[in-house]
Amino acid sequence: MLVSPSLADLSRLYQTEFVRSARAVGVLWAVCTLCFAIIQVVILVQPSWICTTDVRPQQAGPEPPSGTLGLFEVCMESDWPVPDCHGGLSTLSPLPSLQSVAVLVGVSLLAVWTSVLCLCLFRFCSAATVYKICAWLQLTAGFCLALACLLFPDSWESQEMKALCGDSVGSFSPGNCSVHWAYILAILGVLDYAILATLAFVLANRQDALLPPDTQECECGGKGVNSSDELTSQFHTKTLFFIAAVTAGLLMTA
């Protein structure tokens with residue numbers, strides 16, 4: 001005669017499966033957070049926010065300059081293999097017209113690296129608390145980076161941009177230049193921060209399901225686990241893996 005498993009045994013089984021899936025998604029979330037924290041350092045220091053386009057002069061005269069521009073440096077192509085860069089990257093002094101953008105990107109970088117350091121709190125605090133702290137830090141980082149991306153085109157009407165892209169430069173008009181990969185990567189970073197923060201909030205809320213088996217027993221005489229609860233648990237697990245997979249795909253694309 002087959003004996004159906006008790007409610008406590010089923011609760012332990014579902015709890016064990018959720019713990020395994022939550023740990024796997026949590027590790028993937030932590031790895032994606034660390035990877036993008038490193039990528040944002042590259043976004044901040046690389047002079048690749050703006051680059052010149054190949055424009056042939058209509059009249060005879062000197063060729064227009066060719067190079068790239070970042071938050072700290074302006075690099076012009078020269079006869080040497082290494083471009084001639086001018087700026088304050090060594091002293092961390094941003095270009096005068098891009099100081100507000102550099103400060104916002106720096107605050108975003110500080111917030112995301114703080115969230116990386118907060119991963120050490122898993123040994124001292126509850127997982128739900130750590131996930132919520134990291135989620136709010138990532139939301140702050142994404143908000144600052146979004147403001148930086150919005151303010152950057154408004155700062156194009158500067159002497160550095162005019163020297164590189166011509167006198168036709170204006171706010172939201174790059175002249176003879178175009179946005180380069182660092183600015184595009186920053187825009188993708190805003191979306192990535194939103195996904196990472198959402199995933200952290202979901203993981204934090206799902207930690208409430210990890211209750212002792214006694215508190216999960218219902219008062220209906222042990223009829224078994226509700227099928228809707230089982231389907232809901234499976235749906236949340238698949239949702240976590242989907243969000244983590246999207247985040248990993250964005251990082252690989254970047």
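Note that the structure is a prediction, hence the values are computed from the model and not measured.
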If you link I, L, V, M, F, W and Y whenever their side-chain heavy atoms are under 4.5 Å apart, who else ends up in the same group as L150?
none

Going by disulfide bond (SG atoms under 2.5 Å apart), name the pairs with one or both residues in residues 139-199, residues two or more places apart or in two chains.
C165-C177

Fellow cluster residues of V103, listed by chain then number, with links counted only when side-chain atoms sit under 4.5 Å apart
V107

Which residues pass the side-chain hydrogen bond (donor to acceptor under 3.5 Å, both in side chains) test with T114, sequence neighbours left out?
none

Of all residues at least two apart in sequence or in a different chain, which pass the side-chain hydrogen bond (donor to acceptor under 3.5 Å, both in side chains) check with S173?
none

When rounded to the nearest 0.5 Å, the distance separating OG1 of T52 from CG of N176 is 9.0 Å

Pick from I133, T198, D192, T33: which one makes a side chain to side chain contact (heavy atoms under 4.5 Å, CB included) with Q138?
T33

Going by the rule ring pair (Phe, Tyr, Trp, His ring centres under 6.0 Å), which residues pair with F143 if we only count those two or more places apart in sequence or in a different chain?
none

Looking at residues at least two apart in the chain, or sitting in another chain, which of them share a side chain to side chain contact (heavy atoms under 4.5 Å, CB included) with C51?
T68, S178, H180

Residues two or more places apart in sequence or in another chain: which of them pass side chain to side chain contact (heavy atoms under 4.5 Å, CB included) with Q46?
V42, S48, W181

Any residue meeting ring pair (Phe, Tyr, Trp, His ring centres under 6.0 Å) with Y193, in chain and number order, not counting sequence neighbours:
F36

Taking only residues at least two apart or on different chains, which pairs with a member in residues 100-124 satisfy ring pair (Phe, Tyr, Trp, His ring centres under 6.0 Å)?
F122-Y131

What residues, two or more places apart in sequence or in another chain, satisfy side chain to side chain contact (heavy atoms under 4.5 Å, CB included) together with S155?
L98, V101

So, taking the atom named CG in L185 and the one named CD in Q40, what distance separates them when rounded to the nearest 0.5 Å?
9.0 Å

If the plane angle is over 60° it's perpendicular, under 30° parallel, otherwise tilted; pick one for F152 and Y183.
tilted

Got a sec, which residues hit side chain to side chain contact (heavy atoms under 4.5 Å, CB included) with E157, two or more places apart in sequence or on another chain?
K162, S171

Just how far is it from atom CG of L191 to atom CG of L196, taken to the nearest 0.5 Å?
9.5 Å

Where the side chain of W136 meets the backbone of A197, is there a donor-acceptor pair that is under 3.5 Å apart?
no

I need the L95 CG to E73 CD distance, nearest 0.5 Å.
8.5 Å

Out of curiosity, L110 CG to L137 CG, how far, rounded to the nearest 0.5 Å?
9.0 Å

With rounding to the nearest 0.5 angstrom, report the OG to CG distance, S97 to L69.
7.5 Å

